[in-house]
Amino acid sequence: MNGGQPEREERVSMELTDELLKSMEVGMAFRDYNGRISSMDFHKATSYLVTASADESIRLYDIQNALCLKTINSKKYGVDLVCFTAHPTTVIYSSKNGWDESLRLLSLNDNKYLRYFKGHHDRVVSLSLCPRKESFLSGSLDRTVLLWDQRAEKSQGLLRVQGRPAVSYDDQGMVFAIAFGGCVRMFDARKFEKGPFDTYSVGADKSEANVLKFSNDGRLMLLTTMDGHIHILDSFRGNLLSTYNVKPVSSHATLEASFSADGMYILSGSGDGSVYAWSVRSGKVACWASTDMEPPLIKWAPGSLMFTTGSSELSFWVPDLSKLGSFVGAK
């Protein structure tokens, strides 16, 4: 029993706080990209990270050992969005060539396509995998959201939308949300064809939806829009809890934001390339300026005191514990 005690205390003392977040800086960066990173995803159960970039490559990293394990080129189709399946070396990705909008299930082990998912007629701008079943959602500029089963090539359902859709499953995979036109529509995943069971408004912001995400406990949702707004909603009641503002993004860029692992902080890119952090409880915590003029992608590593940003390079951000000396001593 005592053997486990110190470890538990260590973990508690490294809880995420405003001070810890303010101290974060780039601990390591991979600068060997020849184009902007367009997408990245952490595998929930391993230390793997996958990225897609404009240099038409998909890269697999082991973040525990700071290694790039594999680079796979997708010259024929290009690559835009990428997501892990439940399997740590299998991904689903969307193309970026303008002539084939199929999604692909790819084994990174042997660089083999396991399945093609055909149905969209324009660029796929949002992908979300169900955490419980082998289902996933894709939203496209063709104004449709398609529901898929990873084991079948044809879509299992189609929902029409009036605008660019942002899609996301909740943490249980029982509910999914679709955002467009200033509203978030909530669907029961088992009977989605009946239409939304609730619709939440984000006020007067009718600009294009960019990214929609649930917090890990499913209680909160964030929605980013092209006008540079990050809206935080209560995902059960639908009320708008707060809105954070950053510099708007251009029509070809995406404003991405991410919840911290504990759901208490929001990290976001910005149209001027900066990274912002807010506390859900108390507002703005930190801002890291950048010379970049486009919003970086941003993802919090599951269950970890680390986040990554993706621009023309991949950066890993960790707390600088030397900055916390006086703070830790005070505790």
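None of these values were measured; they are calculated from a predicted model. Numbers here simply count residues along the sequence, with the first being 1.
- The cationic atom of Arg185 (NZ for Lys, CZ for Arg) does not lie both less than 6.0 Å from the six-membered ring centre of Phe197 and within 45° of the ring axis.
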**Q.** Pair Asp100-Lys96, salt bridge (Lys or Arg N to Asp or Glu O under 4.0 Å): steps then yes or no
**A.** CA-CA 8 Å; Asp100 182 345; Lys96 202 182 184 175; over 6 Å; no

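- With respect to Arg123 and Glu101, no salt bridge is recorded, no charged nitrogen being found less than 4.0 Å from a carboxylate O.
- The pair Glu256-Lys213 meets the salt-bridge criterion, since a charged nitrogen lies less than 4.0 angstrom from a carboxylate oxygen.
- Side-chain atoms of Ser57 and Arg59 form a donor-acceptor pair, as typed in the model, at a separation below 3.5 Å.
- Under the 4.5 Å side-chain criterion, counting only non-hydrogen atoms from C-beta, Asp171 is not in contact with Asn216.
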Q) Could you walk me through whether Lys118 and Glu153 pass the salt bridge (Lys or Arg N to Asp or Glu O under 4.0 Å) check? A) CA-CA 7 Å; Lys118 297 176 193 271; Glu153 294 196 355; over 6 Å; no

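- For the side chain to side chain donor-acceptor pair (under 3.5 Å) with Trp148, the lone residue among Ser155, Ser138, Ser135 that qualifies is Ser138.
- Asp41 contributes a side-chain N or O that, together with a main-chain N or O of Phe84, makes up a donor-acceptor pair within less than 3.5 Å.
- Of the N and O atoms on the side chains of Ser140 and Asp122, not one donor lies less than 3.5 Å from an acceptor on the other residue.
- Ring geometry for Tyr116 versus Tyr113: interplanar angle of 30 to 60°, hence tilted.
- Ser274 places a side-chain heavy atom less than 4.5 Å from the side chain of Cys287.
- We find that Asp227 and Lys247 are not joined by a salt bridge, their nearest charged nitrogen and carboxylate oxygen being 4.0 Å or further apart.
- Ion pairing between Asp198 and Arg237 fails under the 4.0 Å rule for side-chain N and carboxylate O.
- Taking His121 as the reference, Asp142 meet the side chain to side chain contact (heavy atoms under 4.5 Å, CB included) condition, with sequence neighbours excluded.
- The six-membered or imidazole ring of Phe136 lies near that of Phe117, with a centre-to-centre distance under 6.0 Å.
- Between His231 and the choices Val184, Leu222, Asp205, the side chain to side chain contact (heavy atoms under 4.5 Å, CB included) rule is met once, by Asp205.
- For the 3.5 Å distance criterion, the side chains of His229 and Thr224 fail to qualify, holding no donor opposite an acceptor.
- Side-chain contact, Ser74 with Tyr93: a donor N or O sits under 3.5 Å from an acceptor N or O.
- Note: Phe176 and Tyr169 have perpendicular aromatic rings, judged against thresholds of 30 and 60 degrees for the angle between ring planes.
- Side chain of Ser258 to backbone of Leu267: no donor-acceptor contact under 3.5 angstrom is found.
- A search for side chain to side chain donor-acceptor pair (under 3.5 Å) contacts involving Gln156 returns nothing, not counting sequence neighbours.
- Judged by distance alone, the side chains of Asp234 and Tyr200 never bring a donor and an acceptor atom under 3.5 Å apart.
- Through direct or relayed side-chain contacts under 4.5 Å between Ile, Leu, Val, Met, Phe, Trp and Tyr, Leu314 connects to Met28, Phe30, Tyr33, Ile37, Met40, Phe42, Leu49, Tyr61, Ile63, Leu297, Met306, Phe316, Val318.
- Both tests hold for Arg104 against Tyr77: distance to the six-membered ring centre under 6.0 Å, angle to the ring axis within 45°.
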